[in-house]
Amino acid sequence: MLASPAKGEVQSSGGGSDPPSTGSSFLGMPRPMIAAMTVVVCGCYLIIISSYYNAHLRLSQKLQSIQEEHMSLLRLHACMKEEAGQACAPLAPPPECNVSEEESPASNEDFPVIGLAIVATGCLLLSMICYKEVMLYRKKAEFTKESGAEMQFTFGEFVQYRLDHYFSSTKLAKPVLLLGITFLVIVTSSVFMWMPGDYNLSHAMWKSWTYVADPGTHADADGLWHRLVAFWTTIGGMLVFAMMIGIISESIGEKVDELKKGKSRVIESNHTLMLGWNDKSLAIIQQLAYANESEGGGAVVVLAEEEKADMEATLRAAVESRDGGLDLKGTTVVFRSGNPLLEHELHKVSVKTARAIIALSPDNMSDPDEADSRMVRQVLSLKGIDGLVAHVVVEMQDVDNRELVNMVAPEIAEVIVAHDIIGRLMIQCARQPGLAYVLENLMGFEGSEFYLEAWPALNGRKFGEIICRFDEAVPIGVKNDEGKILLNPPDDLVIKEGFEILVLAEDNDSYTVNDGYYKGKGGDAPTKKKKQASVEKMLFCGWRRDMADMIQQLDDYVAPGSELWLLNTVKVSERNEMLKDKGHKSDLALKNLTILNAVGNPIVRRDLLRIKEAPPEEKLSPEGRKRAGSEESV
């Protein structure tokens, strides 16, 4: 029943697997990434310092130009006075510039070192990466040669393989590649601008950066050589920024696709968690919406292997339907796509803070035992989560497999076999017309429903004394301290500490204990008259996997001599084996029912009429109808 992964097998969700970590890390980042980021930050800092010195240099040059213009004006003024015959006063020396030749950045020998430091740092980082890849290539090539393997590869194929590896395993591969290309463009352009000697290296790097960042600045270049360098640098800058826009748009698109696929974490508390998605999901969501209506709405989180978009479309179609559409009544439904069996997927939907968990059985498996084994694995996954406080309800398909969950996790999980419950209700409703409407009102959250709650004020009293202690609710049973439900208990049952009262009320906050005062006339209770059971005749149309359980239950209700017709397309000779459920059940031991077999289509009118008009001993078909006890009887 239980399926476990084979040795060496790795389970993963549909959203892909995380790349393996290499080496130690700090704050979740590997050391190479930290080193690369440190180099980038240092490089940006050096660029800022270089920009500052560059601005200082330009201001100093501007100041010297102003001083020269001032001297020229003074000389011109002196000459004009000489022509006018006035005495020529000696020229006052120009105000001294605070920037001396030794302090001027233009003549500072340390200033070019900053540019060289930036170039050297970037080249060193690139050299280390290239050296590492070349050594890895040589190692693989030598191993291939020594082992005599036939696999041969070129250096170009190896580079392509490594790029593919980095792009698929490292999220920062594309930004780092873009940064490296930008660095190469700036350094190459700086070297070509520095070669004529018009600029020092730092100034050339700054000019190159302006050409890359702003294509319009290359129009100010003077000279053929500088214009050619500026033109090609601008072309490279346009390509760099085009790549940057593409990387940013692609990253945003991937993030949006990830949100659409439902891979992000859910931040909720006191919510209802639904694991799995089947044909009962919409009905469950509707009932949860009714239950949360008195609280102003709640949150329902769904985790299933189906696509998030498909589940949202199904819910949207149900809500927008004009004929009896789904009414959420303020309840928020959040969908996430993933495998509910994986622990990290459960943590993604805040399983620890959920107040209730509903595990639905998959409806895409033909074998009920296989579906139930999956539900057992689901319970084991929930049991392995520390700090789980939610009440777990698990749906199973075969009533015989219920004990598996009770054995592995009796303290956290409650098993519901919907197939078996529906079969029992169908039998009860068939024997009691109108019972279906009563059950529909009792089971749903619309109208009045069942609630369990402990009332310490009623401890020590008998059940017969608390019948009228609720003005807006009707007590119908108790849940004792052992967890057993007692419906319609005797009046002398004493309510003890730990007992919970089972009532029928409109909502969980619509009733409370009164003061015990009520008026009423006492009288004798009516005497229960036992009705004499009469012979019944029933018809089962179609076939179910748990047909034997339904027949056995019906046999306990009816009077001796009752008849049960089985009308379906299954051959009579095959029904005995199908009733045994692949050997899981023994032969039927009926004491009140007589089984009558008929082969036909339940939706064909003439087949139904043949059953109605058939005499007791007439065969309806070549395989016909046989009473229990004959060779072909069930």
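These values consider heavy atoms only, across backbone and side chains, with no hydrogens, waters or symmetry-generated copies.
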- prompt: Would you say the side chain of Val535 lies within less than 4.5 Å of the side chain of Ser562, judging by non-hydrogen atoms?
  reply: yes
message: Counting C-beta onward and ignoring hydrogens, is there a side-chain heavy-atom pair between Pro490 and Phe463 closer than 4.5 Å?
response: no
- request: Search all heavy atoms of Val379 against all heavy atoms of Ala409 and return the closest pair with its distance.
  value: CG1-CB, 3.4 Å
field: Passing option when Leu288 is tested against Leu328, Val333, Thr272, Thr331 for side chain to side chain contact (heavy atoms under 4.5 Å, CB included)
entry: Thr272
query: Going through the distances and angles, do Asp556 and Leu554 end up as a side-chain contact (heavy atoms from CB on, under 4.5 Å)?
result: CA-CA 5 Å; Asp556 297 335; Leu554 182 61; over 6 Å; no
task: To the nearest 0.5 angstrom, please state how far the CD atom of Glu414 sits from the CG atom of Asn406.
output: 9.5 Å
- prompt: If only atom types and distance count, is the side chain of Asp555 paired as donor or acceptor with the main-chain N or O of Lys591 below 3.5 Å?
  reply: yes
query: Are Tyr557 and Gln428 close enough that a side-chain donor and a side-chain acceptor fall under 3.5 Å?
result: yes
- prompt: Does Ser350 reach the main-chain N or O of Ser269 with its side chain, forming a donor-acceptor pair under 3.5 Å?
  reply: no
statement: Between Gly542 and Met547 the two heavy atoms that sit nearest each other are O-CE, 3.5 Å
- request: Classify the side-chain pair Asn601/Asp607 by whether it contains a donor and acceptor separated by less than 3.5 Å.
  value: no
query: Can you check whether Lys479 reaches Glu453 side chain to side chain, under 4.5 Å on heavy atoms?
result: no
Cationic N near anionic O, under 4.0 Å, Lys348 to Glu345: yes
- request: Evaluate the side-chain hydrogen bond (donor to acceptor under 3.5 Å, both in side chains) criterion for residues Asn401 and Asp372: first the C-alpha distance (whole Å), next the side-chain angles of each, then the deciding distance (0.1 Å), finally the verdict.
  value: CA-CA 7 Å; Asn401 297 328; Asp372 289 346; 2.7 Å; yes
query: Heavy-atom distance under 4.5 Å between the side chains of Val389 and Lys352, does that happen here?
result: no
message: Are Arg265 and His347 packed together at the side-chain level, in the sense that at least one heavy-atom pair is separated by less than 4.5 angstrom?
response: no
message: Before you tell me yes or no, could you show the steps for Asp398 and Arg545 under salt bridge (Lys or Arg N to Asp or Glu O under 4.0 Å), namely the whole-Å CA-CA distance, both residues' side-chain angles and the distance that decides it to 0.1 Å?
response: CA-CA 9 Å; Asp398 196 333; Arg545 177 178 46 81; 3.5 Å; yes
field: Separation of Asn514 CG from Asp471 CG (nearest 0.5 Å)
entry: 4.5 Å
- prompt: Are Phe499 and Trp455 close enough, and set up right, to give a ring pair (Phe, Tyr, Trp, His ring centres under 6.0 Å), and what steps lead you there?
  reply: CA-CA 8 Å; Phe499 278 34; Trp455 298 95; over 10 Å; no
message: For the backbone of Asn508 and the side chain of Ser294, can you confirm whether one donor and one acceptor N or O come within less than 3.5 Å of each other?
response: no
Enclosure of Glu497 CD (heavy-atom neighbours >12, cutoff 6.0 Å): no
query: Taking atom CD1 of Ile603 as the centre, does the number of heavy atoms from other residues, nucleotides or ligands within less than 6.0 Å exceed 12?
result: no
- prompt: Does the side-chain contact (heavy atoms from CB on, under 4.5 Å) test come out yes or no for Met578 and Trp543, once each step is laid out?
  reply: CA-CA 10 Å; Met578 296 182 66; Trp543 188 268; 3.3 Å; yes
- request: Determine whether more than 12 heavy atoms belonging to other residues, nucleotides or ligands lie under 6.0 Å from atom CZ of Arg402.
  value: yes
query: Checking Arg424 side chain against His419 main chain: does a donor-acceptor pair fall under 3.5 Å?
result: no
- request: Dump the intermediate steps for side-chain contact (heavy atoms from CB on, under 4.5 Å) on Ile427 and Gln553, then the final yes or no.
  value: CA-CA 8 Å; Ile427 293 176; Gln553 185 187 21; 3.7 Å; yes
- line: Tightest non-hydrogen contact, residues Pro489 and Gly477, listed as CD-CA, 3.8 Å
task: Find the distance between CG (Leu608) and SG (Cys541) and round it off to the nearest 0.5 Å.
output: 6.0 Å
statement: Scanning both residues in full, the closest heavy-atom pair of Pro340 with Ala304 reads CG-CA, 4.4 Å
field: Donor-acceptor contact below 3.5 Å, side chain Arg575 vs main chain Leu566
entry: yes
Beyond-backbone contact of Leu360 with Ser281, side-chain heavy atoms, under 4.5 angstrom: yes
- prompt: Can you find a pair of side-chain heavy atoms, one from Thr569 and one from Val599, that are under 4.5 Å apart?
  reply: no
statement: For Asp491 and Lys462 the tightest heavy-atom approach is O-CB, 3.3 Å
- request: Output the distance between atom CG (Leu380) and atom CZ (Arg377), rounded to the nearest 0.5 Å.
  value: 9.0 Å
- request: Answer yes or no: are there more than 12 heavy-atom neighbours, outside Met365 itself, under 6.0 Å from its atom CE?
  value: yes
- line: Exactly one candidate in Gln378, Gln397, Lys280 meets side chain to side chain donor-acceptor pair (under 3.5 Å) with Ser361; the answer is Gln397
- prompt: Is a donor on one side and an acceptor on the other found under 3.5 Å between the side chain of Arg336 and the backbone of Ser264?
  reply: yes
field: Minimum heavy-atom distance between Val392 and Val394, given as atom pair plus value
entry: CG1-CG2, 3.8 Å
- request: Start with the C-alpha gap between Glu343 and Val351, add the side-chain angles, then the distance that decides, and say whether side-chain contact (heavy atoms from CB on, under 4.5 Å) holds.
  value: CA-CA 9 Å; Glu343 185 174 349; Val351 64; over 6 Å; no
- request: Could you go through the salt bridge (Lys or Arg N to Asp or Glu O under 4.0 Å) check for Arg374 and Glu370 one step at a time?
  value: CA-CA 6 Å; Arg374 179 181 175 87; Glu370 183 180 355; over 6 Å; no
query: Which distance, rounded to the nearest 0.5 Å, do you find between the CZ of Arg316 and the CG of Leu326?
result: 13.0 Å
message: I'd like to know whether Arg355 forms a salt bridge (Lys or Arg N to Asp or Glu O under 4.0 Å) with Glu295, so could you lay out the CA-CA distance, the side-chain angles of the two residues, the decisive distance to 0.1 Å, and finally the verdict.
response: CA-CA 14 Å; Arg355 67 177 177 182; Glu295 303 174 0; 3.8 Å; yes
message: I'd like to check Val513 versus Ile466 (side-chain heavy atoms, cut-off strictly below 4.5 Å). Are they in contact?
response: no
field: From Leu382 atom CG to Leu275 atom CG, the distance as rounded to the nearest 0.5 Å
entry: 6.0 Å
query: What class does the angle between the rings of Tyr511 and Tyr451 fall in, given that below 30° is parallel, 30 to 60° is tilted and above 60° is perpendicular?
result: tilted
